[in-house]
Trainee: 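The structure is given below, and queries will be raised subsequently.
Here is the naming used below: chain letters follow the sequence lines, and residue numbers restart at 1 for every chain.
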Amino acid sequence: MDFAFQPVDQMGVMDRVARIKARSVKKEAKKQGLRMALNMIDLTTLEGADTPKKVERLCYKAMHPHDKLEGLPSVAAICVYPMLVGTAKTALEGSDVKVASVATAFPSGQSTLEMKLQETDFAIGEGADEVDMVISRGRFLAGDYNYVYDEIAAVLERCRSQSVRLKVILETGELGSLEEVRKASDIALKANPDFIKTSTGKIGSAATLPVTLVMLQAIADHYDQTGVQVGMKPAGGISDAKTALQYLVMVKEVLGDRWLSNEWFRFGASRLANDVLMQIIKQETGVYQNADHFTKD
Amino acid sequence: MTTRLNIQKTYKLFIGGTFPRTESGRFYELQNSKGELFANLCLASRKDLRNAVVAARKAQSGWANKTAYNRSQILYRLAEMLESRRTSFIEELILLGINKKAATTEVDEAIDRLVYYAGWADKYTALFSSVNPTASAHFNFSVYEPTGVVGVIAPEEQGLLGFVSTVAPLITGGNTVVVLASEQQAPVAISFAEVIQNSDVPGGVINILTGKLDELAPHFTSHMDINALVYARALSTDHKLSATTNIKRMLDWTGKWSAASPYHILDAQEVKTTWHPIQTGASGGGGY
């Protein structure tokens, strides 16, 4: 397949990000935005040291972010390794919270297609509602774009056949430039996945506003050309409510209201939830909060 | 011949080891002893306080976990840096309307105060902690630990000495601080931030705001993440009451800040008591 790539105006991106960051969100809009952000979080734990109990704890938090305050939404999903999908599925039974599983040799993606498909099948078999796959960055950087595309298409096929949603992780921190980010986005979008996602959270450089802007723009262009709606998930490094609101402003401006729900936009984060909760309570009470009064996760 | 223009210093806030302007964009004016405009100072807002608390919280565990000896060295280094800028601080105080003799005494006392607390840093726990009597085969210790993030309403008079005398004992004990500097003598506190920056004090350990007490006091008292508040200026009852919502320790240092005392360190410490079994019996060997 041929890919026609879009140039990226880096200075233009930076300039637009700066303007979006300067936007002030106050009062009612802020309250609404904070609740929306909480409801969009994929509460994540992806450690070698994860235990079933830790995942159960996180699942409880996903369903009951902060029991002291009534009427809070739950988070969107729990994101775990395939081995822990079963645990999460049981713990979340009866709630709206989805179970997302990373797969395809996360985080490096250095494995054969066959094994990646096997892992995907395993995660789905355990009950995952969503699969977060990584692309083969090595192949991408070597210029083997068709390989990357075919791999995404193959994993997507497995997911679609079981009505499981697929997120495609580009690991933008390893791609080098915004131009490459756009290129990888376009390749992934061509397969029509459910989401494209910035990062694994396993390397130093994770989600940033400029990278997200480039990916959102790719989604917008894809939507204009094909009418297919694809979601977006920035992940890693988003730890405070203020930044989360900046992301929401960006989504609203680039893609519009249709994307402003957890069906089409997610935050991959572990620490963000508590800061959002602290800010929500600050809005309710007028008093700045202390992290000791919130669950540690 | 052209006349040279003086380059005026821009007095900003000191948060997290950097000098940001107030996010509010507001300022207040100070006149020098001749009644001329001396400086525009940042009129810090609730949000600046919030940012300062975030910085202080982030720095707290790192500062508390440094060895007492290292904290002592850093406090002594503050004294060294202040000594090397002694004349410029005296001049600045004179510009603020203090007479030369008083200014000199104030700077010298501030230097000595830093050395005083530097000396205490690795001694107060040894002196005040205790091994308590027990009726069983246990050790029982009571040891001092820092309270956490401490807010400071520095005295209005003696902008430098008041600042040093309130801040030094708190950081000696491993706390990090957010200080509201003297309103009329704020420049000298911000200049002291330059001393702090050159003394290996990690960013965020001392954060300095300049502005109005009435505006910021309710936020100092109600903020859940400020664990204690040292106030060396009178606070209204309303302000004090709002601290009861978060069980903050309120430490009244009005009239007592000017004395150097190890009890000022203990004021912002928490006593932790811990049990430890004394190993005895067949397998115990020599025990410990």
Side-chain angles (χ1 to χ4, degrees), chain A residues 17-31 33-34 37-38 65-69 72 204 206 209 236-247 249 269-297, chain B residues 15-16 20-21 23-25 44-62 64 145-151 175-176 178 180 204 207 209 215-229 238-249 270 272:
Chain A
V17 166
R19 270 182 286 137
I20 285 172
K21 280 174 83 167
R23 202 88 79 241
S24 164
V25 182
K26 299 276 184 211
K27 299 274 148 49
E28 279 312 308
K30 188 170 185 182
K31 280 186 184 174
L34 288 169
L38 182 64
H66 193 68
D67 283 339
K68 273 190 217 163
L69 196 65
L72 278 182
L209 285 161
I238 305 167
S239 59
D240 60 59
K242 189 176 174 187
T243 317
L245 289 177
Q246 289 167 351
Y247 277 93
V249 169
S270 47
R271 287 167 298 164
L272 175 62
N274 268 7
D275 197 61
V276 169
L277 287 170
M278 281 165 70
Q279 298 314 318
I280 288 176
I281 295 176
K282 155 75 180 54
Q283 294 299 318
E284 300 285 334
T285 62
V287 172
Y288 288 118
Q289 299 297 305
N290 169 324
D292 291 347
H293 296 209
F294 294 82
T295 53
K296 293 196 164 55
D297 43 28
Chain B
I15 297 174
R21 288 182 167 80
E23 65 78 44
S24 68
S45 68
R46 177 171 65 92
K47 281 200 178 165
D48 295 316
L49 172 66
R50 173 188 184 273
N51 293 341
V53 174
V54 169
R57 175 58 65 197
K58 210 169 149 196
Q60 204 270 323
S61 67
E145 289 184 3
T147 294
V149 173
V150 181
N175 299 293
T176 54
V178 176
L180 177 64
N207 304 279
L209 305 176
E215 186 191 342
L216 290 173
H219 304 300
F220 266 100
T221 51
S222 70
H223 199 308
M224 299 280 281
D225 211 15
I226 297 177
N227 303 112
L229 181 65
D238 278 354
H239 293 160
K240 283 190 219 166
L241 276 176
S242 80
T244 58
T245 59
N246 52 56
I247 333 176
K248 182 178 276 122
R249 298 181 73 185
E270 287 173 7
K272 296 276 164 74

Trainee: If you count heavy atoms of other groups shown closer than 6.0 angstrom to NZ of B:K240, is the number above 12?
Mentor: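 It does: B:K240 NZ has more than 12 such atoms within range.
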Trainee: Knowing that exactly one of B:R46, B:K47, B:H223 qualifies, which makes a side-chain hydrogen bond (donor to acceptor under 3.5 Å, both in side chains) with A:Y288?
Mentor: B:R46
Trainee: Please report the closest heavy-atom contact between A:Q289 and B:D225, naming both atoms and the distance.
Mentor: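 Looks like O-CB, 3.5 Å.
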Trainee: So, for A:V287 and B:M224, which heavy atoms are closest and what is the spacing to 0.1 Å?
Mentor: CG1-CG, 3.6 Å
Trainee: For B:R21, look at atom CZ and say whether over 12 heavy atoms of other residues, nucleotides or ligands are found less than 6.0 Å away.
Mentor: no
Trainee: Under a 4.5 Å heavy-atom cut-off, does chain A meet the side chain of B:N246, its backbone, both or neither?
Mentor: neither
Trainee: Are B:V149 and A:N290 packed together at the side-chain level, in the sense that at least one heavy-atom pair is separated by less than 4.5 angstrom?
Mentor: no
